[in-house]
Protein chains: 2
Amino acid sequence: MEATVSKRDKILDAALLLFAERGYDGTTVPMIADTAEVGAGTIYRYFESKEVLVNVLFQECVTRFIGSVSRNYPHAANIRAQFTHIFGGMVRFAKDDIHALHFIETHSGARYLDPKSRETFQQLMDFLHAFVHSGKEQGLIRPLPSDALIAIVFGAFTKMFTLIRAGKITETPELLSQIEESCWDAVRVHSD
Amino acid sequence: MEATVSKRDKILDAALLLFAERGYDGTTVPMIADTAEVGAGTIYRYFESKEVLVNVLFQECVTRFIGSVSRNYPHAANIRAQFTHIFGGMVRFAKDDIHALHFIETHSGARYLDPKSRETFQQLMDFLHAFVHSGKEQGLIRPLPSDALIAIVFGAFTKMFTLIRAGKITETPELLSQIEESCWDAVRVHSD
DNA sequence: GCTACCGGAATGAATGTTCATTCATTATTG
DNA sequence: CAATAATGAATGAACATTCATTCCGGTAGC
């Protein structure tokens with residue numbers, strides 16, 4: 001069913017755009033229907049409720065994000081190369097779908113997320129935790145709580161991409177590489 | 001009018017708590033009334049509408065934030081000392097009212113903010129811009145777009161305090177000082 | 001080859017609920 | 001006993017969701 005897949009995707013795309021821009025509570029189902037160019041009732045053929053829709057979307061986005069940062073992960077490489085890989089994955093993910101990262105950031109922790117969504121997000125955190133933990137063991141990453149280190153990099157990165165999304169700054173390879181350096185300097189141990 | 005001030009404040013406190021936790025769109029006026037322990041109608045004696053309420057609250061919070069970072073600002077000191085001052089101001093502000101920072105972060109840029117709210121927020125950005133600009137001129141802060149540098153520090157800091165707010169990590173003077181160091185390393189120029 | 005019919009997909013007006021806001025009434029204060 | 005403050009039930013608007021109806025692609029019968 002080609003048309004079916006396409007319609008479901010149009011709904012998910014519209015929901016992602018609107019949730020990212022206005023938030024879940026600020027988005028109405030008729031808005032999603034209009035943006036997706038389907039009838040309001042059609043949405044309920046694919047998703048039980050608005051709440052189920054946001055959960056499916058959240059899980060899809062986070063799963064794609066995990067894929068972006070973990071695919072081809074250089075397990076044997078040194079910590080700096082691993083950091084570059086993760087950072088590169090985040091950039092690829094954010095560029096590929098400019099709204100998804102913002103959607104994840106603004107909706108992780110929301111009260112309407114179901115256990116499966118929370119667990120999916122936890123998987124992402126676990127992956128990042130493992131990286132940070134290994135870096136701390138090698139004495140190359142600061143001995144701060146892993147949560148804090150992840151928050152620093154993730155916070156800096158998402159705020160950055162919000163600026164890019166808003167058109168306030170232009171994303172270039174040089175800029176991204178400098179941002180990466182800046183984030184790395186925030187978490188690494190310094191010798192001087 | 002002791003009672004009047006007190007009631008207006010109770011409403012603002014309740015709104016801040018709920019907006020920070022559930023967002024503007026996820027918070028209903030009756031919820032605010034319940035939390036503030038006033039009748040729903042009472043809110044409209046002090047604020048024309050829910051939208052006016054969120055704007056007044058936003059402006060108050062941002063103004064207090066500006067005060068926190070700019071009061072006693074050491075204009076003559078070196079850039080590192082100025083950074084410590086700003087960071088300390090942010091910490092004081094966040095500790096003084098654990099919800100205000102999160103409210104500002106999640107609501108700056110919202111569609112219902114009026115021009116005055118936007119302008120107030122811009123004042124905060126202008127202050128931070130001036131600091132970053134001066135640091136870049138001295139060659140002590142990285143030659144990145146100011147917006148990006150502010151995003152890095154602000155993003156890292158707010159995400160960090162979200163963790164503290166959620167009880168995931170415990171805020172201690174040592175931790176805060178290490179976070180400050182980490183943020184500073186993210187924006188400063190390195191010689192090694 | 002054409003028509004009549006079938007069943008799932010799509011629809012949007014209708015439904016019941018919840019919301020922001022109002023206002024007639026009650027409580028408080030000076 | 002005014003005058004002012006506070007209230008919460010009442011109101012109309014907007015919401016999420018439902019469902020009777022329409023649409024459409026395929027196909028069985030002629």
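Chain identifiers are assigned alphabetically (A, B, ...) following the order of the sequence lines, protein sequences preceding nucleic acid strands; residue numbering begins at 1 within each chain.
Distance, B:Glu37 CD to D:dT7 C1': 15 Å, rounded to whole Å. The distance from atom NZ of B:Lys10 to atom P of D:dA6 is 11 Å, rounded to the nearest whole Å. Computed from coordinates, the B:Tyr46 OH to D:dA5 P distance equals 7 Å when rounded to whole Å. Following rounding to the nearest Å, A:Arg45 (CZ) and C:dG7 (P) show an atom-to-atom distance of 15 Å. Here D:dA9 presents its P atom at 12 Å from CG of B:Asp34, a figure rounded to the nearest Å.
Remark: the A:Ser117 side chain and the A:Asp114 side chain contain an N/O donor-acceptor pair separated by less than 3.5 Å.
The main-chain N or O of B:Thr158 is found under 3.5 Å from a side-chain atom of B:Thr162 such that the two form a donor-acceptor pair. In this structure a side-chain-to-backbone donor-acceptor pair under 3.5 Å is missing from A:His99 to A:Leu16. A donor-acceptor distance shorter than 3.5 angstrom exists from the side chain of A:Lys50 to the backbone of A:Thr27, with no hydrogens or angles considered.
No option in B:Asn78, B:Ile79, B:Thr84 other than B:Ile79 meets the side chain to side chain contact (heavy atoms under 4.5 Å, CB included) test with B:Gln82.
For B:Tyr73, the ring-ring contact (aromatic ring centres under 6.0 Å, His included) partners two or more places apart in sequence, or in a different chain, are B:His75, B:His85, B:Phe127.
Using a 4.0 Å cut-off, some side-chain N or O of B:Lys7 falls inside it from OP1 or OP2 of D:dT7.
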Every protein N/O lying under 3.5 Å from an N/O of nucleotides 24-30 of chain C:
none

For nucleotides 14-22 of chain D, give me one character per nucleotide, 5' to 3': B if any protein heavy atom sits under 4.0 Å from the base, S if the only such contacts are to the sugar-phosphate, - if neither.
-SSBB----
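Taking the charged nitrogens against the carboxylate oxygens, B:Arg80 and B:Glu181 do have a contact shorter than 4.0 Å, which makes a salt bridge. One finds no salt bridge joining B:Lys116 and B:Glu60 here, because no Lys/Arg side-chain nitrogen approaches an Asp/Glu carboxylate oxygen to under 4.0 Å.
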